Structures are given as C-alpha cells and as structure tokens.
Amino acid sequence: MRKYLTSMIMAVLALFLALPFSVKAREQEAVYLEAEGESVKVRLTLPGADGAMLSSLKLTLNVASDSGQSLDVSFQFDPALSGKAKVQEARYHAGNKTLNVYLAGNEALFAKGEDTITLGKVCASGGAYTVEVKEDSLTVAEGSKGRTVKFEKLPKPVLAGRTETGDNGG
C-alpha cells in the first residue's frame, strides 16, 4: 500500500511539473506623471479595467507653485476620450491646491484589451509648478458601484512650467 501511495504521489508530481505554467507579475493600479514641456501628461493604469464597465472616474491631483505665486491651472483632456466620456471637466481649487479631474459617460473608458489610458495634460501658467498624486486620490464607478483605488506605489512629484521669469531666449 505504501509503495502504491508513493508511486501515485510521484505520478501527480511529475504531471504537475510537466504542465506549462507562467508566472506573471501582478500588475498594480498606477497613475503616471510625465513632464512634457510646460505641461504634465497624466496616464492611468487599472488592471482588469478592460473587462469592467468602468465609465466614470474622479482623479485628484495636487498642483502647487514652486515660488508661492498663484497659478492659472487647467486640464486638456486627451482627444481619444471624447467619444467615450460625455462629461469631461476639471476644477482647480486654489485654496487647497487641488485639481479634480472628472470623466463620465455611458461607454467603458478603457478599450477592449487595454488597461492603460491617457487622461490628458495638466497645464498651468504663473511659473514653475509641481504635480503630485496623493493616496486615495482616485475614485472609479463600475456600473452602479463606486470604489476608491488604493495605490501601492505613488509616482514621484513632477516639476513643470517655466523655471525662470521673462523670456527664456527662444
């Protein structure tokens, strides 16, 4: 009996080792900030979002002047979102230096097979500024349910805008 049990365990182990399997790194929710001239490009990755009816989101970014001056902040939405999100709105609150970006529509924001979208660009006039993502800054709506996305790793703050006053020489 013991010999039979040992041979069965060995057969199961051999079968398991013969099966092809791959280990894929667990993708994480993330916001990517990238300086592009005087603006900051904002991309969003949500693993599994392509299969979900994720049609609305709110992202809060901190946008602060490096010199303490007041900023005129706006957000230019990516043109690829125009057919998916009927509501594209951004509001800057100078008092607490936050920019709220809202997207809402009847269609899924993420295309089939994609889990990353470009939201657009943060633009500001009034000198150099820093864009930063804080914890709990993303809220998404999947169908009729909403949830706050917890980021395991936040991106580093990004500096953009003119770092000097006046004409930069061309």
Side-chain angles (χ1 to χ4, degrees), residues 20-69 71-82 84-85 87-105 107-163:
F21 66 92
S22 63
V23 177
K24 185 177 178 184
R26 187 175 79 93
E27 295 183 47
Q28 300 174 355
E29 290 92 355
V31 175
Y32 300 98
L33 303 175
E34 179 183 340
E36 281 191 350
E38 294 187 20
S39 62
V40 176
K41 183 178 178 179
V42 181
R43 290 183 307 122
L44 177 64
T45 296
L46 292 174
D50 66 329
M53 181 50 190
L54 193 143
S55 59
S56 303
L57 64 85
K58 174 189 165 197
L59 176 65
T60 302
L61 302 169
N62 286 10
V63 183
S65 171
D66 281 9
S67 63
Q69 297 175 344
L71 293 172
D72 182 22
V73 178
S74 63
F75 192 84
Q76 294 177 353
F77 287 92
D78 189 86
L81 296 173
S82 63
K84 299 175 183 178
V87 175
Q88 298 180 9
E89 189 174 330
R91 296 181 190 158
Y92 182 66
H93 304 280
N96 58 4
K97 299 177 178 132
T98 59
L99 174 67
N100 292 324
V101 178
Y102 303 94
L103 287 173
E107 294 184 34
L109 295 174
F110 291 81
K112 220 32 163 180
E114 293 183 12
D115 61 2
T116 300
I117 59 172
T118 299
L119 298 179
K121 296 178 182 180
V122 176
C123 303
S125 59
Y129 63 96
T130 302
V131 178
E132 185 177 15
V133 178
K134 297 288 188 183
E135 288 183 40
D136 302 337
S137 61
L138 178 65
T139 304
V140 296
E142 295 171 292
S144 62
K145 297 180 182 177
R147 70 178 172 99
T148 299
V149 175
K150 304 283 186 188
F151 296 114
E152 290 186 25
K153 185 177 179 184
L154 295 172
K156 292 181 180 178
V158 174
L159 176 65
R162 293 181 189 239
T163 57

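Every value quoted in this text rests on a predicted model; they were computed, and no experiment measured them.
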message = What's the separation between atom CG in L54 and atom CD in E107, rounded to the nearest 0.5 Å?
response = 13.0 Å
task = Could I get the full list of side-chain hydrogen bond (donor to acceptor under 3.5 Å, both in side chains) partners for S65, not counting sequence neighbours?
result = S67
Please tabulate, for the side chains in residues 119-130, all donor-acceptor contacts under 3.5 angstrom to protein atoms that are two or more places apart in sequence or on a different chain.
from: K121; atom 1: NZ; to: E36; atom 2: OE1; distance (Å): 3.1
from: Y129; atom 1: OH; to: E38; atom 2: O; distance (Å): 2.7
from: Y129; atom 1: OH; to: V122; atom 2: O; distance (Å): 3.2
from: T130; atom 1: OG1; to: D66; atom 2: OD1; distance (Å): 2.7

OG1-CD distance between T118 and E34, expressed to the nearest 0.5 angstrom = 9.0 Å
task = Could you please spell out the steps behind the side-chain contact (heavy atoms from CB on, under 4.5 Å) verdict for V42 and L44?
result = CA-CA 7 Å; V42 181; L44 177 64; over 6 Å; no
query = For the side chain to side chain contact (heavy atoms under 4.5 Å, CB included) test, which of T116, L33, I117 pairs with R43?
reply = T116
request  = State whether the side chain of Q88 and the backbone N or O of F77 hold a donor-acceptor pair below 3.5 Å, judged by distance alone.
outcome  = no
note = The side-chain hydrogen bond (donor to acceptor under 3.5 Å, both in side chains) partners of E89 (sequence neighbours excluded) come to R91
remark   = Sorted by chain and number, sequence neighbours left out, salt bridge (Lys or Arg N to Asp or Glu O under 4.0 Å) with K150 holds for D136
message = What's the separation between atom CG in L138 and atom CZ in F151, rounded to the nearest 0.5 Å?
response = 4.5 Å
request  = Report the distance from atom CG of L59 to atom OH of Y102, rounding to the nearest 0.5 Å.
outcome  = 10.5 Å
key: Under the side-chain hydrogen bond (donor to acceptor under 3.5 Å, both in side chains) test, residues paired with T98 that sit two or more places apart   = N96
key: Minimum-distance pair of heavy atoms, taken over all atoms of A64 and K97   = CB-CD, 3.7 Å
request  = Working to the nearest 0.5 Å, report the span between CG of L103 and OG of S56.
outcome  = 8.0 Å
note = d(Y92 OH, L61 CG) to nearest 0.5 Å is 11.0 Å
Those residues that, when tested against T60, pass side-chain hydrogen bond (donor to acceptor under 3.5 Å, both in side chains) (two or more places apart) = N100
query = What do the steps show when you test L154 against K134 for side-chain contact (heavy atoms from CB on, under 4.5 Å), and what is the final call?
reply = CA-CA 7 Å; L154 295 172; K134 297 288 188 183; 5.6 Å; no
